[in-house]
Amino acid sequence: MARSPLTLAALASSAVPDLTVTGARRHSADGAGEFDSAVLTASDGSACIVRVPLTQAAETEQSSDLVALRALTTGIRSRLPFDVPGYLGQTPVGGTRAIVYDFLPGEHVAVEDVPPGDGLAGSIGHAIAAIHTLPTSFVGEAGLPVLSAAECLSSTAALIESAASTGKLPAALRERWRDAVADHSIWQFQPTVINGALTADSFLVDGETVGAVLGWSALRVGDPARDLHWLLAMNPEATDGALVAYASTRQVATDRQFTQRAMLYAELEVARWLLHGRELRDQSIVDDAVQMLDGLVDRVHSNAVTPLSTATGPIMAIDDVEALLDRTPGDRASVRSGGMRPVDDSPAG
C-alpha cells in the first residue's frame with residue numbers, strides 16, 4: 001500500500017529537524033511503482049519533496065543521484081543557468097531511506113511539443129552546453145566515472161557483444177553495430193561532463209526557459225552525444241535551434257560525428273532492454289525486446305537516412321527508435337534515460 005502524504009510528511013519532519021510541514025500532497029510525477037513521494041509546504045512558505053524508493057532499482061538510482069547532487073557544489077552550480085535540486089536530509093524507513101530535497105517549480109514538456117525556433121529549444125541547447133563546459137576535475141574528485149573516448153568506445157563494443165551473446169540479436173544489427181564501433185573516425189571526440197541520462201522529462205521549464213534539470217544519477221565524464229541524442233526526436237527546426245544554441249554556448253565546433261554516435265546510442269537502447277530482461281529473467285521483456293529488434297531491422301532497411309558509418313547501411317530514424325521504446329512495458333523510462341539504472345558504461349576492470 002502506498003504511503004499517504006501525511007506519513008511522508010512525518011518522515012520528512014524526522015529527516016529535517018527544523019522542518020514544520022503545513023501542507024502535503026502526493027507527487028504524481030514519479031513513476032508508478034518506483035517511489036512514494038509527496039510535495040510538502042513548510043511554515044515559511046517554501047516547498048520540498050520527500051521520496052521513498054519502492055524497488056531496488058529505484059533505491060540504486062536515488063543513491064547515485066544523491067552522490068551526484070553532493071558533487072554539484074555551490075561553486076559548480078553557480079556555473080549553470082538553471083537550478084539543480086538541493087539535498088535537505090534523510091531518515092531510515094523500512095530497510096531503505098526517505099530523502100528530502102528542495103522542490104523546484106516548472107512544467108515538463110514532451111519532446112514532440114518543443115516548438116521550432118530558438119526559444120525553448122535554444123534554452124535546452126544552452127542548458128546542455130553549460131553542463132558540458134563544467135570543469136571535469138570535480139567529477140573525479142567525487143569518485144564518479146571519468147571515461148576517455150577510447151573507454152566510451154570499448155564500453156559500447158562490450159554492450160553490443162553482450163547483446164550478441166544472448167543469441168537473440170539479428171545478424172544484420174550485430175554487424176551494423178560492430179561496423180559502427182570499428183569506424184574509429186566517429187569516436188574522435190573530447191569527453192566532457194555529462195548528465196548521462198537526459199530526456200525531455202529531465203527539464204522543468206517556465207515558458208520558453210529551462211528553469212531546472214532533474215535526475216543526476218548518471219553524472220560522469222563521457223561522450224557528450226549521450227546527452228544530445230534525444231534532441232534528434234524533436235521537430236527538425238527545434239533540433240536545429242537546440243544544436244545551434246549548444247554550439248554557440250560551448251564556443252567550439254561540435255564534433256562532426258556526434259550524430260552517428262547519438263543515433264547508435266538510440267538504437268542500442270533496444271539492446272539494453274533485451275539485456276535488462278535477461279538479467280531479471282523476465283521472458284515478457286525479452287520477447288518484447290526481440291520484437292523491437294525485428295522491427296528495427298525492418299526499419300533500418302526501409303529508411304535511407306543518415307548512415308552510422310561509411311561501412312553501414314541506412315540508420316533508423318531516432319523517432320522510430322523512440323516509438324519502439326514507448327511500446328515497452330514497466331521500466332521503459334529507465335531505458336530511455338540511457339539504460340537500466342544506474343547507467344554503467346565504465347570499462348571493465
Side-chain angles (χ1 to χ4, degrees), residues 2-3 7-8 10-17 19 27 29-40 48-74 76-77 80 83-104 131 134 136 138-147 155 193-199 201-202 204 212-222 226-227 272 275-276 279-280 330-349:
R3 298 175 178 86
T7 298
L8 293 169
L11 290 171
S13 297
S14 176
V16 186
L19 177 64
H27 183 54
D30 277 327
E34 296 292 316
F35 294 91
D36 281 338
S37 59
V39 176
L40 312 175
C48 60
I49 181 170
V50 56
R51 305 172 84 214
V52 179
L54 300 178
T55 66
Q56 183 58 53
E59 182 173 8
T60 299
E61 177 194 4
Q62 181 163 265
S63 296
S64 298
D65 193 62
L66 184 56
V67 171
L69 292 181
R70 286 172 168 167
L72 292 166
T73 62
T74 301
I76 294 297
R77 291 171 187 238
L80 298 172
D83 291 330
V84 174
Y87 164 79
L88 299 179
Q90 61 181 292
T91 191
V93 53
T96 182
R97 53 185 173 172
I99 297 184
V100 184
Y101 311 85
D102 293 323
F103 178 73
L104 300 178
I131 298 171
L134 291 174
T136 58
F138 83 93
V139 176
E141 290 168 359
L144 296 169
V146 177
L147 306 182
S155 65
V193 176
I194 61 173
N195 170 282
L198 287 183
T199 69
D201 287 341
S202 304
L204 291 175
V213 175
L214 310 176
W216 293 86
S217 61
L219 178 66
R220 63 193 56 215
V221 172
R226 289 293 294 268
D227 282 350
R272 291 180 185 273
L275 293 173
H276 181 56
E279 181 181 359
L280 295 182
D331 291 328
R332 67 179 180 273
S334 64
V335 179
R336 292 185 60 178
S337 64
M340 301 309 116
R341 290 180 298 258
V343 177
D344 184 5
D345 53 8
S346 304

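Distance check, rounded to the nearest 0.5 Å: CG of Leu66 to CD of Gln90 gives 6.0 Å. Taking CG from Leu214 and CG from Leu204, the interatomic distance works out to 4.0 Å, rounded to the nearest 0.5 Å. To the nearest 0.5 angstrom, Leu147 atom CG is 7.5 Å from Ile194 atom CD1.
Between Ile99 and Phe35, every side-chain heavy-atom pair lies at or beyond the 4.5 Å cut-off. By the 4.5 Å heavy-atom criterion applied to side chains, Tyr101 and Asp65 are counted as neighbours. Side-chain contact between Val146 and Thr136: absent, with no pair of heavy atoms (C-beta onward) separated by less than 4.5 Å. For the pair Arg3 and Val50, the minimum side-chain heavy-atom distance is 4.5 Å or more. Thr55 is not listed as a side-chain neighbour of Glu61, based on a closest heavy-atom distance of 4.5 Å or more. Counting heavy atoms from C-beta outward, Val16 and Cys48 have side chains that stay 4.5 Å or more apart. Under the 4.5 Å side-chain criterion, counting only non-hydrogen atoms from C-beta, Phe138 is not in contact with Thr73.
In plain terms, the two heavy atoms of Pro145 and Val139 that are nearest each other are O-CG1, 3.5 Å. Closest of all the heavy-atom pairs between Ala71 and Ala142 is CB-CB, 3.5 Å. Considering all non-hydrogen atoms of both residues, Pro53 and Thr96 come closest at CG-OG1, 3.2 Å. Of all the heavy atoms in Leu40 and Ala12, the pair that sits closest is CD1-CB, 3.3 Å. For the residue pair Ala15 and Val100, the shortest heavy atom distance occurs at CB-CG2, 3.9 Å. Looking at every heavy atom in both residues, Val52 comes nearest to Ala98 through CG2-CB, 3.6 Å.
Judged by distance alone, with hydrogens and angles left aside, the side-chain atoms of Arg77 form a donor-acceptor pair with the main-chain N or O of Val84 at under 3.5 Å. The main-chain N or O of Ser37 is never found under 3.5 Å from a side-chain atom of Arg51 such that the two would form a donor-acceptor pair. A distance-only check finds no donor-acceptor pair linking the side chain of Thr91 to the backbone of Leu11 [under 3.5 Å]. With hydrogens and angles disregarded, a donor-acceptor distance shorter than 3.5 Å links the side chain of Asp227 to the backbone of Asn195.
Partner Val213 forms a side-chain contact (heavy atoms from CB on, under 4.5 Å) with one of Leu80, Leu198, Asp83 and no other, that one being Leu198.
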